[in-house]
2 protein chains.
Amino acid sequence: MIPQKTFIEVIADGEGIFQPSLSLDCVIFGFHENELKVLLIKLRTNDNWALPGGFVFKEEDLDDAATRVLKERTGINDIFLQQFHVFGSANRSDWNIHRSNLKKDGIEIGPNHWLLKRFITVGYYALVEFAHVIATPDSSSEDCKWWDINEIDELFMDHKQILDKALDTLRLQLNHLPIGYNLLPQKFTMPELQKLYETILNKTLDRRNFQRKMTSFGILKRLKETRKGGAHRAPFLYSFDMRKYRKALKQGLHGGW
Amino acid sequence: MIPQKTFIEVIADGEGIFQPSLSLDCVIFGFHENELKVLLIKLRTNDNWALPGGFVFKEEDLDDAATRVLKERTGINDIFLQQFHVFGSANRSDWNIHRSNLKKDGIEIGPNHWLLKRFITVGYYALVEFAHVIATPDSSSEDCKWWDINEIDELFMDHKQILDKALDTLRLQLNHLPIGYNLLPQKFTMPELQKLYETILNKTLDRRNFQRKMTSFGILKRLKETRKGGAHRAPFLYSFDMRKYRKALKQGLHGGW
DNA sequence: TAGCATTGTGTCATAACGACGCATTCGATG
DNA sequence: CATCGAATGCGTCGTTATGACACAATGCTA
């Protein structure tokens, strides 16, 4: 865990090192036990959980900043990360709550402090392999863990709206991107892939039609192994055919569920 | 034309009235004589043409700022306007060119001037009815006019990239949104609508299949009038059925061309 | 070893799609 | 005013994609 001193330093020096009034928030999706999960952090200064976010260094590309935040929270380097929306309401940031909470924490900031200014935030969403993530709180938070997408009611500030927008975007992109690759382990079964789609789309799909369509994309390789131990007939394992997968990424999948 | 004094004032006072280091740029699409057009402005301080843009007032919603810029440039109030991407490279803004050009214009700014700082810009695209637009230059520009989408090679800073990204987005959205409504006059013919789609997609479509698909959406009303004077058989006029149109907007059109 | 739940594979009717034919209608032409 | 060219309205046909469902195969369990 990063020592709290860093947190105080950031609070003090932020104005000099970050792009002013600009933040980014990451909606990090994972898939585990047939449930879609989101990685959230628990701020020390607020009761609600929040999306992991950060600020942009003065000389840093926006996308690089998002990659950095993700790396810091998950330990993962090379992941699917995509900007999806900017949230720019004039009244979206209410850091005054923060201010009083910071005070409890022993940190005092003036009324003109950079953190209290109005912030625009850029939303990114990421798709990561659940098992590879090492959830790591940042210097401002006391916890960092996965939440089931359906168990999230209220979040810090407008983060719930940001999450919802990310989900909408994900659903739209599902028809254009072969999304499974980033969320599933290297080897997976067709039922697992289907569950992923069903969870994201929030509807049930016909098992046989799903398989037909999925294989028709030609981006899957059926392995010779099966997943034993499932108390029933052992399903085949699949993996993505990276060559065809990348090709499909460019052209779009043209799906309709 | 707004007097240049305002321009000088904005340059001088910008830091106090705008969100820092944040701008927005609008890609305003129109359709005229079977060509897709974009509204561009000619900056006084630069040789290249640019996208109309602006800054965000400290108390102003980001979307409101975009609406305001659009209103100022086109005179149109109620239009289709959508945020599509944030451009946040650290080196994207090179206002130093600006600085020397401003100098020629008799305006001197110091090295720490707010305009010279790094800017993040939010891209919006708008669909407007060509004939309704009254192209109006802003205080920093000497001209404002429509350009054919295919005649644009180089633009100010990274504006060409922004334009290209807007076009990509428009093509993607074409399958989800009944886009014609915003770009065509209230009454239009099927060949006109088809030309619009062909122009945006940059490919030819089969006349009969286009008609079949378009009508199958059920968002068009065929009027009893025809467009005479076209040197050939007079095509029927159509208009959008707003009730069904709005319904379709929510559900998506599920098209594939 | 029988039973059960789940997976693998196939069928069938219907809808959507792409390519194309033909008759109709407008202005232009003489 | 009859004829022609060009564009439009409307329809056909074969192929493919889709949605709903049947049946056999497999692996654990009792």
Side-chain angles (χ1 to χ4, degrees), chain A residues 33-34 174-176 178 180 184-185 187-199 201-239 248 251-257, chain B residues 33-35 171 174-176 178 180 184-185 187-199 201-239 248 251-257:
Chain A
E33 290 174 348
N34 284 341
L174 204 56
N175 287 336
H176 298 282
L184 293 172
K187 298 176 182 178
F188 53 90
T189 68
M190 193 58 76
E192 285 166 358
L193 184 59
Q194 182 180 343
K195 274 289 171 197
L196 171 61
Y197 272 72
E198 289 182 333
T199 308
L201 294 170
N202 198 28
K203 70 162 95 166
T204 58
L205 303 169
D206 183 274
R207 192 170 56 85
R208 294 144 290 192
N209 296 335
F210 178 83
Q211 165 130 350
R212 179 180 39 187
K213 181 142 194 165
M214 221 20 145
T215 52
S216 79
F217 290 147
I219 58 173
L220 294 182
K221 269 189 307 195
R222 194 171 86 174
L223 309 179
K224 298 218 169 81
E225 324 161 51
T226 55
R227 165 109 70 223
K228 302 256 184 183
H232 299 293
R233 177 169 185 174
F236 282 103
L237 286 172
Y238 289 82
S239 68
Q251 303 188 350
L253 280 188
H254 216 286
W257 301 108
Chain B
E33 290 174 347
N34 284 341
E35 300 282 357
R171 282 179 185 137
L174 204 55
N175 287 335
H176 298 281
L184 293 172
K187 297 175 182 180
F188 53 90
T189 68
M190 194 57 77
E192 285 166 357
L193 184 59
Q194 181 179 344
K195 273 292 171 196
L196 171 60
Y197 271 73
E198 289 182 334
T199 308
L201 294 171
N202 198 29
K203 69 162 93 169
T204 59
L205 303 170
D206 183 275
R207 192 171 55 84
R208 294 145 287 192
N209 294 336
F210 179 82
Q211 167 132 349
R212 185 198 342 169
K213 181 142 193 164
M214 222 21 146
T215 51
S216 78
F217 290 148
I219 57 173
L220 295 181
K221 270 189 305 197
R222 193 172 88 173
L223 309 178
K224 298 218 169 80
E225 324 162 50
T226 54
R227 166 107 72 221
K228 302 259 183 181
H232 299 292
R233 177 171 185 174
F236 281 102
L237 286 173
Y238 288 83
S239 68
Q251 304 187 348
L253 281 189
H254 218 285
W257 300 108

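Both backbone and side-chain heavy atoms feed into the values below; hydrogens, waters and symmetry mates do not.
- OP1 or OP2 of dT18(D) sits under 4.0 Å from a side-chain N or O of K213(A).
- Counting all heavy atoms, side chain and backbone alike, E198(B) lies closest to L205(B) at OE2-N, 2.7 Å.
- Counting to the nearest Å, the P atom of dA20(D) and the NZ atom of K203(A) are 11 Å from each other.
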Next item on the list: Using a 4.0 Å heavy-atom cut-off, write out nucleotides 24-30 of chain D from 5' to 3' as B (base contacted by protein), S (sugar-phosphate only) or - (no contact).
Entry: -BBBS--
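- Taking atom CE of M214(B) as the reference point, atom P of dC10(D) lies 17 Å away to the nearest angstrom.
- When each of P191(A) and D206(A) is assigned the nucleotide of DNA chain C with its nearest heavy atom, P191(A) is the one assigned upstream, toward the 5' end.
- R227(B) comes within 4.0 angstrom of no nucleic acid atom, judged by non-hydrogen atoms across all strands.
- Neither OP1 nor OP2 of dA15(C) sits under 4.0 Å from any side-chain N or O of R212(B).
- The nearest pair of heavy atoms linking F236(B) to L223(B) is CD2-O, 3.6 Å.
- Nearest heavy-atom pair, G180(A) versus L196(A), reported as atom, atom and distance to 0.1 Å: CA-CD2, 3.8 Å.
- Nearest nucleotide to the side chain of R207(B), out of dG19(D), dC22(C), dG8(C): dC22(C).
- For the pair Q211(A) CD and dA20(D) P, the interatomic distance rounds to 18 Å; values are reported in whole Å.
- Rounded to whole Å, atom P of dA20(D) lies 16 Å from atom CZ of F210(A).
- Taking side-chain N and O atoms only, R222(B) has a distance below 4.0 Å to OP1 or OP2 of dC10(D).
- Between the CZ atom of R208(B) and the P atom of dC13(D) there is a distance of 15 Å, given to the nearest Å.
- Counting to the nearest Å, the C1' atom of dT8(D) and the NZ atom of K195(B) are 14 Å from each other.
- Note that the CG atom of N209(A) and the CD atom of Q194(A) stand 9.5 Å from one another [nearest 0.5 Å].
- Rounded to an integer number of Å, the gap from L237(A) CG to dT6(C) P is 18 Å.
- Taking CG of L237(A) as the start and CZ of R227(A) as the end, the distance is 5.0 Å to the nearest 0.5 Å.
- The two atoms that bring L201(B) and R171(B) nearest to each other are CA-NE, 4.1 Å, heavy atoms only.
- The closest side-chain heavy-atom distance from L193(B) to Y238(B) is not below 4.5 Å.
- Nearest nucleotide to the N209(B) side chain, out of dC23(D), dC20(C), dA20(D): dC20(C).
- Separating the CZ atom of F236(B) from the P atom of dA7(D) is a distance of 19 Å, rounded to the nearest angstrom.
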